[in-house]
Participant: 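Here's a structure for you.
Residue numbers run from 1 in the order of the sequence given. This one's a predicted model, so the numbers in the text were calculated from it and none came from an experiment. Indexing begins at 1, ligand by ligand and atom by atom, following the structure's order.
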Amino acid sequence: MKVLVATEKPFAKAAVDGIRSIVEGSGHTLALLEKFTSEEQFCAAVSDADALIVRSDKVTKAVVEAAKKLKIVVRAGAGYDNLDLAACREHGVVAMNTPGQNSNAVAELAIGMMIYISRNCFTPGTGSELSGKSVGIHAFGNVGRLVAKLALGFNMKVYAFDPYVKAEAIEKEGVIPVSSIEELYSKSHFLSLHIPATAETKKSVGYNLISKLPKGGCVINTARKEVINEEELVKIMEERADIKYITDIAADNQDILNEKFGTRVFASPKKMGAETAEANINAGLASANQIVRFFETGDKTFQLNK
Ligand code: 3PG
């Protein structure tokens with residue numbers, strides 16, 4: 001079988017070497033398409049592939065239709081808003097992700113971002129410390145849990161809200177569960193976003209929630225830009241000079257944010273949450289192993305489009 005790794009933002013070399021050794025060691029062949037710049041290039045490369053590994057690369061209907069032999073696509077990572085699951089289902093392609101494999105990298109970045117913004121983006125002037133502050137974890141999944149654990153190590157008071165996780169499970173991690181999303185925002189100096197981008201969550205974080213943050217509140221976004229209502233973010237930041245926003249995924253209106261709010265905002269030049277050798281290796285090798293197991297035994301653990 002031919003396995004294509006198509007990554008506009010390539011994996012670290014060690015991850016590619018590991019993927020190659022798993023794929024070729026199981027008798028399959030590996031092809032690489034890195035730093036591609038167009039959907040046409042992607043479609044051409046995937047046309048004879050039996051399996052596909054991607055990161056945030058968009059697996060659109062056109063890509064799935066071009067991939068005549070494709071049987072499985074694995075998103076090396078957690079969020080799968082880049083996969084057209086309906087197109088995969090229609091063409092009999094099994095779609096998977098690799099949950100948890102890059103979570104630690106993202107969680108560490110969320111804490112790093114809290115420090116960076118608290119120290120005025122490393123510009124001269126008096127900053128503040130994390131110790132004693134409160135952090136709200138918006139969605140208590142793999143990343144949210146790890147951010148909570150790290151924040152507790154910084155002596156922070158940690159709250160969480162997740163309608164899909166029982167309060168007892170949150171309490172077990174030393175975290176205080178709250179019963180509404182509004183309560184979470186009203187208690188959090190730092191609000192760390194860990195919701196996926198879905199029809200339900202897109203633009204769901206806007207004026208009403210952000211305005212609930214206590215004085216000096218800051219939203220940390222290592223999730224997806226789509227969950228923010230950008231116009232409303234501008235509005236509340238104009239009204240309240242104490243609010244800050246730091247994101248790993250630049251907003252569509254990032255230029256406006258930068259111009260208006262200076263060191264009260266920061267966006268990574270390119271999403272870097274999962275950009276560690278460890279996360280690349282964990283997610284890349286998990287993807288390769290999932291593909292090999294699928295071809296060998298029909299294992300569909302982590303299938304998203306059942
Ligand atoms: C994820 O959903 O796993 C993260 O956002 C990482 O995405 P990336 O592999 O494109 O960096």
Participant: Closer than 4.0 Å to some heavy atom of G77 - which atoms of ligand 1 meet that?
Facilitator: 3 (O)
Participant: Does ligand 1 come near enough to G79 that some N or O of the ligand is less than 3.5 Å from an N or O of the residue?
Facilitator: yes
Participant: What's the shortest distance from atom 9 (O) of ligand 1 to any protein heavy atom, and which residue and atom give it?
Facilitator: R55 NE, 3.0 Å
Participant: Indicate yes or no: does R55 engage D57 in a salt bridge with an N to O separation below 4.0 Å.
Facilitator: no
Participant: Assess R75 for proximity to ligand 1: is some non-hydrogen atom of it under 4.0 Å away?
Facilitator: yes
Participant: Within the structure, does E275 bring an N/O atom to less than 3.5 angstrom of an N/O atom in ligand 1?
Facilitator: no
Participant: Answer yes or no: does an N/O atom from A78 fall short of 3.5 Å to an N/O atom of ligand 1?
Facilitator: yes
Participant: A274 heavy atoms, cut-off 4.0 Å: which ligand 1 atoms fall inside?
Facilitator: 6 (C), 11 (O)
Participant: Indicate, with yes or no, if V94 and V3 share a hydrophobic cluster defined by side-chain heavy-atom contacts under 4.5 Å among Ile, Leu, Val, Met, Phe, Trp and Tyr.
Facilitator: yes
Participant: Please confirm whether Y185 and H138 have ring centers closer than 6.0 angstrom.
Facilitator: yes
Participant: Show which atoms of ligand 1 fall inside a sub-4.0 Å distance from at least one heavy-atom site of S56.
Facilitator: 7 (O), 8 (P), 10 (O)
Participant: If you take the nearest heavy atom of each of K9, R224, E8, K271, which one is closest to atom 11 (O) of ligand 1?
Facilitator: K9
Participant: Should K149 and E173 count as an ion pair when the cut-off is N to O under 4.0 Å?
Facilitator: no
Participant: Donor-acceptor pair, N97 side chain versus A78 backbone, under 3.5 Å?
Facilitator: yes
Participant: I'd like to know if K172 and E168 make a salt bridge, using a cut-off of under 4.0 Å between side-chain N and carboxylate O.
Facilitator: no
Participant: Between E39 and K58, does any NZ, NE, NH1 or NH2 come within less than 4.0 Å of an OD or OE carboxylate oxygen?
Facilitator: no
Participant: Could you see which bit of V106 sits under 4.0 Å from ligand 1, with heavy atoms only: side chain, backbone, both or neither?
Facilitator: neither
Participant: Would you mind running through ligand 1 and noting each atom that sits below 4.0 Å from a heavy atom of N102?
Facilitator: 1 (C), 3 (O), 6 (C)
Participant: Crowded around E65 CD? As in, over 12 foreign heavy atoms under 6.0 Å?
Facilitator: yes
